[in-house]
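Working notes, structure below.
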Number of protein chains: 2
Amino acid sequence: MERTDPVPGHPHPADPVRRPASQAGMRRQNLALVMAAVADAGPLSRAAVAGRTGLTRAAVSSLVDELMTAGLVAERGPAPSGRVGRPGSALGPDPAGPAGLGLEVGVRHLAACLVDLTGTVRATARADHAPQDRDPADVLRQLADMAQELMDSHPSPTAGAALAVPGLVTPDGVVAHAPNLGWRQVPAAALLAERLPGVPLTVDNEANLGAQAERWLGTGCADAVHVSAEAGIGAALLVGGRLFRGVRGFAGELGHVPVHPDGEPCACGSRGCLERYAGAAAVVRAAGLREPAGDRVADLARRAARGEEPVLAALERAGVALGTALAGVVNLVDPAAVVLGGAYAELGDWLLPGMRREIRARVAVRPWDPGALTVSALGRRGPVLGAAMLTVRGVIEDPARYASAVAAR
Amino acid sequence: MERTDPVPGHPHPADPVRRPASQAGMRRQNLALVMAAVADAGPLSRAAVAGRTGLTRAAVSSLVDELMTAGLVAERGPAPSGRVGRPGSALGPDPAGPAGLGLEVGVRHLAACLVDLTGTVRATARADHAPQDRDPADVLRQLADMAQELMDSHPSPTAGAALAVPGLVTPDGVVAHAPNLGWRQVPAAALLAERLPGVPLTVDNEANLGAQAERWLGTGCADAVHVSAEAGIGAALLVGGRLFRGVRGFAGELGHVPVHPDGEPCACGSRGCLERYAGAAAVVRAAGLREPAGDRVADLARRAARGEEPVLAALERAGVALGTALAGVVNLVDPAAVVLGGAYAELGDWLLPGMRREIRARVAVRPWDPGALTVSALGRRGPVLGAAMLTVRGVIEDPARYASAVAAR
DNA sequence: CTAGTTTGTTTTCCGCCTTTACGAATAGAG
DNA sequence: CTCTATTCGTAAAGGCGGAAAACAAACTAG
């Protein structure tokens, strides 16, 4: 068997450096180091950056100069430290610097938002829609128009955009299959790029982006399993702060992990898959309800809050099934946190007890902190925010690339 | 939740560079680049190394000089290429360079071996023993004596040693628990280091080392799940060529992944864990046999080869259980290969069919190549070889560290 | 034997970080 | 208020490492 090459566009998680180290690369890396320090550790003087990164003050000065002329870092005037000595001038990510555009095609809505380098949401837009009745190209046209309006109303440049979609996306930005949208083989990246010229565009699964949002704006945990249900059930794996996609990009398919090997048949042809017990459709069915006209999860939450017995029982059962599957996951990847995200976060009150019980019982051989299982702080807004943050983090983690891209124009 | 720091001694799989890039680091990295090219791509001229790595010929010359004076690379005389032009002189890892020492405490044997920089096994030693009846310190003394003899009979220096143990090992080299040896809290690293002065020592789980041996000497696959059963059932996860250990180093605990949530009670307090269906002890019991005096797995293989019906049925059942658990793993981490290693490799003929069937049925939503499930080529020798290769690869992947360690003496 | 080609080394140059030194700006002591 | 100690940012010199270009060496082809 040959050495497995990473999927293009989806860099391998533990990509070893296989190219020569040059001074250019050294500079690039140190620019990133300084940029990350300034962005992550709040306002910092040059001397503080030097202390934190291990670089000398002289080197930091030079690097900061370059970042300032690139419009990525801004001086916020002198910062009275209270201590003896000349005060340093506080540096921070430039709020007028490049922003990231987040886009989302949801099952019942479109959303867009702009996030600046400081991680602040600067503008949002939202629209309801019913994608099943419309041509995908038409939907994306509308979304592009919303985005254009946002960008027009915002002074700073847009460094890039990302689109969150509830479905399987290939590395080249084609939505292979999004059952809840009724999309198949939709070249979303190409269609959007047409109407958003000059803006680098990425398309990814909504769960993946939601998981990264959680890391960047939520708990900040770098090694987590982010469970996102509703359509399929996906588990985005965060390893050392990076998304783990597997060799072909199919990692995290939790929906068809077997929980009752001889149980109910699943649409996939097998039996007893998690989806049959914890998927939104399965829960609705188990609760004896008809498919609601509106939002399935919201409907379940409403009924559960009202105390409807069959709904409570169905959610309990779903929680236990989720817990069983997640026990396997925890045994296998030993994460620091397990987060219930996406729409299912709203059902946390009823799902978590069963999940916690199961995981605790089945991870007995290793220490397991029940507090490691939590509900997403971002919930449904995770994917759009993550999409916007994706380009923001891209700029922060490789400012040289952004600077040279700007210089090329 | 704070950013999770990696366990000391067990580096985080996706460790981002958090320190400044310096010219020293640059040199270090390029030395490693050249060393890896020379070691992995066979005999290569300087010009070929330059072409392969992207460095200039001049830079390669300088780097190779340094590696040669460090005794890591050797010239093998002119290599007539047959093509026009001056022939290059072939470079290879120096066979007289530092060797790696592999050590193993097995359930019924001790083993040691020396592997040189080319990956060739230069010497081996083996002894039977019954660890249950002996003091761990005594066992390790004997092993150290075997190792010393090996090193004395071998001219080249030993760069380091690694010990493979069938149990849970903490990052500081303490065997926390090895049920099959009857060991608990044995400070193996300290005990061995006492008798092997001057040799850097690592201790790790046998399955982890076996999995890496498979990558370095076997299939070469960089993204694999290496299943190793017998005592507990462990799955070593290889991600991008690196071992994935999880946040606290507990990743890969396959034995307690639930396969029949309401099934037979397990020693861990839960129910239906994989170990209850596919562990060697469970198979022996299911086959209606008594615990054999000798090797459990070898006994099963013998009986299965003879066609004993109950044994065949028990193995079939174990294969199905393994397949169910691995289907979950494949769905979750999307590996390029699944390898059945360790002692269980000898049962492959009877386990694989059931495993293959289950995985195929339960990974239906994604493409899955049945050929990706294989039996280890190294089998029981994997752990020792992996242990020896660990230091060899350490030297190849960071030759500067070895060179400076030698210079310090 | 000559022309052409490839290899390995030497030389020059450039970029980047470090070291060292210096002016600037503050707090605290007298 | 002045002086000193301290810290910050910058500037100049130095060292190191790779890139580019040039050159000698060794081989094939005619």
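The structure presented is a predicted model; accordingly, all values stated were derived computationally and were not measured. Only heavy atoms go into these numbers, but all of them, side chains included; no hydrogens, no water, no symmetry mates. We name chains A, B, ... by the order of the sequence lines, and we start the count at 1 in each one.
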Margin query: Could you tell me if the side chain of B:M151 sits less than 4.5 Å from the side chain of B:V199, heavy atoms only?
Written below: yes

Q) Does A:T120 use its side chain to pair, donor to acceptor, with the backbone of A:D116 at less than 3.5 Å? A) no

To the nearest 10 degrees, the angle between the two end axes of the helix from C:dC1-D:dG30 to C:dG30-D:dC1 (five pairs per end) comes to 0°

Under a 4.0 Å heavy-atom cutoff, the residues of residues 394-401 of chain A touching DNA chain C are none

- prompt: Is there a side-chain polar atom (N or O) of A:N30 under 4.0 Å from OP1 or OP2 of C:dC16?
  reply: no

- Do A:L72 and A:D94 have side chains that get closer than 4.5 Å, going by heavy atoms? no

Report all interatomic pairs (protein N or O, nucleotide N or O of nucleotides 2-4 of chain C) with separations under 3.5 Å.
none

Residue pair A:S22/A:A48 against DNA chain D: nearer the 5' end by closest nucleotide is A:A48

Sorted by chain and number, sequence neighbours left out, side-chain hydrogen bond (donor to acceptor under 3.5 Å, both in side chains) with B:D40 holds for B:R393

DNA chain D: first to last nucleotide in contact with chain A (atom under 4.0 angstrom from a heavy atom), 5' to 3', is D:dT6 to D:dG18

In whole angstroms, the gap separating C1' of C:dT18 from CE of B:M26 amounts to 14 Å

Determine whether A:Q212 and A:M389 make a side-chain contact, defined as any pair of heavy atoms from C-beta on separated by less than 4.5 Å. no

Given the options A:L390, A:T158, A:T391, A:V115, A:L101 meets side-chain contact (heavy atoms from CB on, under 4.5 Å) only with A:T158

Atom CZ of B:R27 and atom P of C:dC17 are separated, to the nearest Å, by 18 Å

### Message
Can a donor-acceptor pair be found, under 3.5 Å and without considering hydrogens, that links the side chain of A:N30 to the backbone of B:A21?
### Response
yes

| Should B:I396 and B:P93 count as side-chain neighbours, where that means a heavy-atom distance under 4.5 Å? | no

- May I ask you to test the A:L91-A:R76 pair for a side-chain heavy-atom distance under 4.5 Å? no

If you apply the rule side-chain contact (heavy atoms from CB on, under 4.5 Å), what do you find for A:L117 with A:M35, and how did you get there? CA-CA 10 Å; A:L117 279 180; A:M35 186 72 208; 4.3 Å; yes

_Note, A:R122 side chain near A:P95 side chain (heavy atom, < 4.5 Å)_ = yes

Within residues 57-67 of chain B, the residues having a heavy atom closer than 4.0 Å to DNA chain D are B:A58, B:A59

Between B:S45 and A:L55, the residue closer to the 5' end of DNA chain C by nearest nucleotide is B:S45

When rounded to the nearest 0.5 Å, the distance separating CD of B:E66 from CG of B:L31 is 4.5 Å

* To do: Would you kindly say whether B:R27 and B:S62 are connected by a side-chain donor-acceptor distance under 3.5 Å?
  => yes

A:Q29 side-chain N/O to B:P20 backbone N/O, donor-acceptor pair under 3.5 Å: no

(Q) Under a 3.5 Å threshold, yes or no: a donor from one side chain and an acceptor from the other, between B:S89 and B:R46? (A) yes

